[in-house]
J.: 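Encoded as structure tokens, here's the structure I'll be asking about.
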Amino acid sequence: MSEPHKAETSAGDRFAFGENWSRFLRVLNEQRISKATQDLAAMLGVDSLAGQTFLDIGSGSGLSSLAARRLGAKVVSFDYDPNSVACTAELRRRFFPDDPDWQVFEGSVLNPETMAGLGTFNVVYSWGVLHHTGAQWQALAEAGKAVDAGGRLFISIYNDQGRFSRWWLRVKVLYNRLPRIFRIPYAVLVMTPRELASLTLAVLALRPMSYVRSWTHYGKNRGMSRWHDLIDWVGGYPFEVAKPEEVFEFYRARGFVLEKLKTCGGGLGCNEYVFKRTTD
């Protein structure tokens with residue numbers, strides 16, 4: 001583990017995203033991979049990425065990088081968390097061993113030299129990452145610089161819920177300050193009221209199985225795992241948020257136009273954006 005990352009996680013200043021992703025790989029299967037591949041293609045509005053270059057900023061588990069590679073893109077994946085880098089490298093080893101068209105390395109989007117050295121890409125992708133860097137707007141700017149003229153930027157950023165987002169920040173800070181043995185019980189304690197409310201609504205609507213399916217069929221959501229996402233929701237820190245109009249204006253000023261927007265309906269979660277770069 002790199003020294004800065006190790007120091008930050010030990011001090012409770014950063015969630016161990018990579019450890020969570022390594023546990024997710026235990027439940028990763030072909031169904032989840034296929035779903036992630038389909039969803040990536042649908043959001044970008046393509047059937048193939050053949051001949052395209054794809055940069056995955058904060059590759060996490062490596063699932064999205066794998067999806068892009070399956071769609072035919074030449075992929076570059078990096079992450080600040082060494083365990084996330086290991087997860088991505090493991091998926092490359094499993095599915096594209098010794099592939100020259102998929103590079104994996106450790107790095108930070110906040111390092112201008114690293115970003116400048118990469119050049120530009122047809123697609124720059126960063127799902128649920130830039131708001132966890134501790135410098136969200138700098139990260140958004142660096143991600144935008146990596147997009148080639150005419151290329152696309154696909155990102156997701158936590159929705160700004162005002163007072164509730166500030167409360168959620170305190171939840172995350174406390175999670176990371178707790179001794180490791182107490183973190184999972186704390187996450188369960190935090191999420192139980194929300195889960196009970198969802199179950200109650202399902203029962204009152206005479207659809208109790210809809211709640212069960214929200215767990216058993218969660219893999220249909222980008223191929224992810226609800227349990228591992230739950231831990232990420234509670235523990236994911238640093239943590240910043242933005243309103244959709246703020247992200248839109250930020251990138252419009254930098255020569256981007258919004259192609260697609262998928263919001264979380266004003267609630268807890270991420271808003272997804274696909275921008276196209278129209279200027280050099």
Side-chain angles (χ1 to χ4, degrees), residues 4-5 8-9 13-18 20-21 40 43-44 54-65 68 75-81 84-85 87-88 105-116 118 120-121 123-148 151-161 165 168-169 172 176 222 224 229 232-233 235-256 258-264 268-277:
H5 184 273
E8 290 168 6
T9 53
D13 294 331
R14 181 173 296 277
F15 175 65
F17 292 97
N20 195 40
W21 288 128
L40 178 62
M43 196 68 181
L44 291 174
F54 184 98
L55 176 64
D56 189 354
I57 299 175
S59 55
S61 68
L63 177 57
S64 295
S65 290
V75 178
V76 174
S77 315
F78 74 88
D79 202 294
Y80 180 65
D81 187 319
S84 291
V85 176
C87 288
T88 304
F105 70 96
E106 182 179 331
S108 171
V109 68
L110 299 181
N111 186 326
E113 292 183 1
T114 296
M115 296 304 296
L118 292 174
T120 57
F121 295 77
V123 180
V124 173
Y125 174 92
S126 191
W127 211 104
V129 172
L130 304 179
H131 50 233
H132 288 314
T133 59
Q136 173 178 272
W137 296 104
Q138 179 189 346
L140 287 165
E142 291 294 340
K145 294 175 186 177
V147 182
D148 200 0
R152 282 169 295 171
L153 174 67
F154 178 7
I155 60 172
S156 75
I157 296 294
Y158 265 127
N159 184 49
D160 186 350
Q161 295 181 275
S165 292
W168 203 244
L169 174 61
K172 291 170 178 287
N176 287 281
R222 299 173 45 249
M224 304 309 290
D229 272 0
D232 190 306
W233 293 338
Y237 181 77
F239 169 73
E240 294 179 75
V241 297
K243 296 177 181 178
E245 57 268 30
E246 291 176 321
V247 177
F248 169 71
E249 291 293 344
F250 182 85
Y251 279 116
R252 185 174 70 168
R254 287 162 173 77
F256 288 83
L258 183 66
E259 285 193 332
K260 188 174 292 187
L261 172 63
K262 182 179 179 182
T263 73
C264 58
L268 173 66
C270 292
N271 299 315
E272 301 178 55
Y273 310 81
V274 176
F275 290 96
K276 183 175 183 178
R277 187 170 189 175

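Everything numeric here is computed off the predicted structure, so don't read it as measured data.
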J.: Going by the rule salt bridge (Lys or Arg N to Asp or Glu O under 4.0 Å), which residues pair with E249 if we only count those two or more places apart in sequence or in a different chain?
T.: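 Applying salt bridge (Lys or Arg N to Asp or Glu O under 4.0 Å) to E249 gives R252.
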J.: Would you say the side-chain atoms of N111 pair up with the backbone N or O of T114, donor to acceptor, closer than 3.5 Å?
T.: yes
J.: Which residues satisfy the side chain to side chain donor-acceptor pair (under 3.5 Å) test with D79, sequence neighbours excluded?
T.: none
J.: Taking only residues two or more places apart in sequence, or in another chain, which ones meet K243 in a salt bridge (Lys or Arg N to Asp or Glu O under 4.0 Å)?
T.: none
J.: Any side-chain donor-acceptor pair under 3.5 Å between S77 and S59?
T.: no
J.: Would you check if the side chain of R14 reaches a backbone N or O of H132 as a donor-acceptor pair within less than 3.5 Å?
T.: yes
J.: Using modelled atom types and a 3.5 Å cut-off, is there a donor and acceptor pairing between side-chain atoms of N159 and backbone atoms of V241?
T.: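 No; zero donor-acceptor contacts below 3.5 Å.
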J.: R254 side chain to G144 main-chain N or O, any donor-acceptor pair under 3.5 Å?
T.: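 Here the side-chain-to-backbone pair does not exist.
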J.: Under 6.0 Å between ring centres: does that hold for F15 and F17?
T.: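 Distance test on ring centres: under 6.0 Å, yes.
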J.: Would you mind reporting whether Y158 and S165 have side-chain heavy atoms less than 4.5 Å apart?
T.: no
J.: Treating T88 as the side-chain partner and S84 as the backbone partner, does any N or O pair qualify as donor plus acceptor under 3.5 Å?
T.: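 Indeed, once roles are kept as given, a pair shorter than 3.5 Å links the two residues.
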J.: Short question: side chain of K260, backbone of M43 - any donor-acceptor pair under 3.5 Å?
T.: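 Here the side-chain-to-backbone pair exists.
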J.: Is a side-chain N or O of Q138 found less than 3.5 angstrom from the main chain of L110, in a donor-acceptor match?
T.: yes
